[in-house]
Amino acid sequence: LWPWLLASSGLSALVQLVTLPFFPDSPSYLLIQKGNEEACRKAVRKLWGEGDHQAEIDDIMKEKVAMTSTKTLRVLEVIKERSLRWQLYILMTVMTTLQLCGINAIYFYSFEVFHTAKFEEYLIPYVSLGVGLCECLSSILCSTLIDRFGRKVLLWGGYTLMCSVLALLTMTLSLQHQFFWMHYFSVILIFLFVIFYGIGP
């Protein structure tokens with residue numbers, strides 16, 4: 001079953017590959033990058049139907065003017081630019097914490113935790129699949145929450161809850177040989193960690 005499950009991702013890629021030529025180019029791309037206003041109007045009509053879309057085209061034109069007046073910086077210039085220093089620090093911090101937050105360790109050791117929790121051998125791959133499904137669903141949930149609470153709240157909340165879950169998980173894994181129910185608590189914590197990861201970072 002697993003080879004078919006892995007191969008199924010190729011099916012969506014094939015559908016995209018076949019249907020992509022029938023989609024119009026982005027109006028912004030046609031007007032800003034290509035400078036082709038007629039093709040832009042045609043793409044707008046194809047996307048939004050017939051009608052007066054001059055306001056949208058004017059917005060794209062304003063964006064084009066703003067982009068032409070903005071200087072494109074190289075990597076070293078971005079690093080040296082003092083006005084961008086804080087944005088660069090924030091970006092580096094977010095990317096570093098995303099890599100070191102522990103999600104890879106959770107995925108790597110989850111099989112061992114499920115095995116220790118006395119799950120049947122044939123059930124463990126499906127429980128692992130459930131963990132991945134949790135991340136997918138929480139990411140979808142995040143897209144609805146981000147407009148309401150903002151990115152900063154979700155980041156702080158996500159990392160705080162993930163730290164709490166990791167502390168509890170360390171404790172349950174240390175005590176799993178003393179209390180039989182600790183195994184199941186560890187499994188619940190793994191699911192919670194993945195959910196908080198999807199909602200936050």
Side-chain angles (χ1 to χ4, degrees), residues 1-20 23 75 78-79 86-201:
L1 183 63
W2 282 103
W4 288 104
L5 191 62
L6 287 170
S8 65
S9 60
L11 183 64
S12 62
L14 183 65
V15 169
Q16 290 177 39
L17 191 64
V18 170
T19 57
L20 195 60
F23 286 99
V75 177
V78 170
I79 293 169
W86 274 109
Q87 292 92 320
L88 193 61
Y89 289 155
I90 290 167
L91 183 66
M92 286 171 64
T93 304
V94 169
M95 290 297 107
T96 305
T97 52
L98 192 61
Q99 290 301 315
L100 302 175
C101 69
I103 189 68
N104 294 325
I106 289 290
Y107 276 124
F108 186 78
Y109 288 110
S110 61
F111 187 88
E112 187 66 33
V113 173
F114 298 150
H115 186 73
T116 312
K118 303 292 189 293
F119 278 99
E120 294 289 339
E121 199 72 35
Y122 73 93
L123 280 176
I124 292 176
Y126 296 103
V127 180
S128 299
L129 186 65
V131 171
L133 189 63
C134 265
E135 184 180 350
C136 182
L137 292 174
S138 59
S139 299
I140 294 167
L141 178 63
C142 175
S143 63
T144 59
L145 293 175
I146 199 165
D147 291 331
R148 181 176 294 181
F149 299 108
R151 185 74 177 140
K152 188 189 283 188
V153 172
L154 290 183
L155 274 173
W156 277 108
Y159 279 124
T160 305
L161 291 169
M162 284 164 63
C163 285
S164 306
V165 168
L166 280 179
L168 285 170
L169 187 60
T170 303
M171 190 174 69
T172 58
L173 290 175
S174 302
L175 299 172
Q176 65 184 351
H177 298 297
Q178 297 178 33
F179 305 99
F180 75 94
W181 51 269
M182 281 292 183
H183 304 303
Y184 305 105
F185 196 38
S186 298
V187 171
I188 292 167
L189 288 173
I190 284 175
F191 275 90
L192 283 175
F193 182 87
V194 171
I195 289 168
F196 294 146
Y197 172 78
I199 291 174

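Ring geometry for Phe191 against Phe114 counts as tilted: the plane angle lies between 30° and 60°, on a 0 to 90° scale. Between Tyr197 and Phe193, the ring-plane angle classifies as parallel under the 30° and 60° cut-offs. Ring pair Phe179/Trp181 is tilted by interplanar angle, where 30° to 60° counts as tilted.
A distance of 9.0 Å separates CH2 in Trp86 from OG1 in Thr93, rounded to the nearest 0.5 Å. To the nearest 0.5 angstrom, Met171 atom CE is 6.5 Å from Leu175 atom CG. Thr160 contributes atom OG1, which lies 10.0 Å from atom CG of Leu155 (distance to the nearest 0.5 angstrom). Phe196 contributes atom CZ, which lies 9.5 Å from atom CG of Leu189 (distance to the nearest 0.5 angstrom). Here the CD1 atom belonging to Ile195 is positioned 12.0 Å from the CD1 atom belonging to Ile190, to the nearest 0.5 angstrom. The CG atom of Leu11 sits 10.5 Å away from the CD atom of Gln16 when rounded to the nearest 0.5 Å.
The minimum heavy-atom distance between Thr96 and Met92, with the atom names listed, is OG1-O, 2.6 Å. Taking each heavy atom of Cys142 and Gly198 in turn, the nearest pair found is CB-O, 3.5 Å. Between Tyr159 and Val94, the shortest heavy-atom distance links the atoms OH-O, 4.0 Å.
Counting heavy atoms from C-beta on, the side chains of Gln176 and Leu173 come closer than 4.5 Å. Looking at heavy atoms from C-beta onward, His115 lies in side-chain contact with Glu121 at the 4.5 angstrom threshold. When side chains are defined from C-beta on, Leu98 does not count as touching Ile103, because their heavy atoms never get closer than 4.5 Å. At a threshold of 4.5 Å between non-hydrogen side-chain atoms, the residues Leu168 and Leu192 do not count as touching. Residues Met162 and Leu166 fail the side-chain proximity criterion, which asks for heavy atoms closer than 4.5 Å.
For CZ of Phe185, the number of neighbouring non-hydrogen atoms (other residues, nucleotides, ligands) closer than 6.0 Å is 12 at most. For Tyr109, the OH atom is loosely surrounded, since the number of other residues' heavy atoms within 6.0 Å does not exceed 12.
Screening Ile146, Val194, Leu161, Leu141 for a side chain to side chain contact (heavy atoms under 4.5 Å, CB included) with Ile199, the sole residue that qualifies is Leu141.
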side-chain contact (heavy atoms from CB on, under 4.5 Å) for Val113 and Leu169? Distances and angles first, verdict last.
CA-CA 10 Å; Val113 173; Leu169 187 60; 5.6 Å; no

